[in-house]
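Note that this is a predicted model, so its numbers are computed, not measured.
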Amino acid sequence: MSVLANFRESLGNLIKKPATLAYPAAPRPLYERTRGHVAIDVPACIFCGLCQRKCPTGAITVTKPESSWRIRRMQCIQCGACVEVCPKKCLALLPEPTAPDAGPVEDEFCGAVKTDA
């Protein structure tokens, strides 16, 4: 490549807009069928544990006596298996991604209260 071609390429890169986004300052667009995170409607949940047994990564833990439902967000692969098997249809796969964090994110829902574990 000649010097002139390199100069033309460099100048073009200065004029074009960047190919990447400044995430999380500029949120990425959510496309149809984007898999973001699993959400639960706790009052509708009967804590049967089917979602826990169906989860291929073991990201969900259900404790019926304590009425608690826990998910390790960074272990979940958003496959939707738990959503499909739920008899009460209280689980949903929402398009918004889990917010970035330095460590593992674990959400626990007890009854109608969410606690961060």
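- Nearest heavy atom pair, residue Cys76 against residue Thr57, reads CA-OG1, 4.2 Å.
- Taking CG of Asp41 as the reference point, atom NZ of Lys88 lies at 10.5 Å (rounded to 0.5 Å).
- With hydrogens and angles disregarded, a donor-acceptor distance shorter than 3.5 Å links the side chain of Arg73 to the backbone of Val38.
- Under the 4.5 Å side-chain heavy-atom criterion for grouping Ile, Leu, Val, Met, Phe, Trp and Tyr, Phe47 is not connected to Leu50 through any hydrophobic cluster.
- Taking CG of Leu4 as the reference point, atom CD of Glu9 lies at 12.0 Å (rounded to 0.5 Å).
- At distances below 3.5 Å, not a single donor-acceptor pair connects side-chain atoms of Glu108 with backbone N or O atoms of Ser68.
- When all heavy atoms of Ile60 and Cys82 are compared, the closest pair comes out as CD1-CB, 3.8 Å.
- Ile40 and Val62 end up in the same hydrophobic cluster when Ile, Leu, Val, Met, Phe, Trp and Tyr side chains are linked at under 4.5 Å.
- When all heavy atoms are compared, the tightest approach of Val85 to Lys54 is CG1-CB, 3.8 Å.
- No donor-acceptor pair closer than 3.5 Å links the side chain of Arg72 to the backbone N or O of Thr61.
- Closest non-hydrogen pair, Val83 versus Leu93, comes out as CG2-N, 4.0 Å.
- Within the model, atoms NZ of Lys16 and CG of Leu14 stand 10.5 Å from one another, a figure rounded to the nearest 0.5 Å.
- Rounding to the nearest 0.5 Å places CD of Glu96 at 6.0 Å from NE2 of His37.
- Residues Cys51 and Trp69 meet the side-chain proximity criterion, which asks for heavy atoms closer than 4.5 Å.
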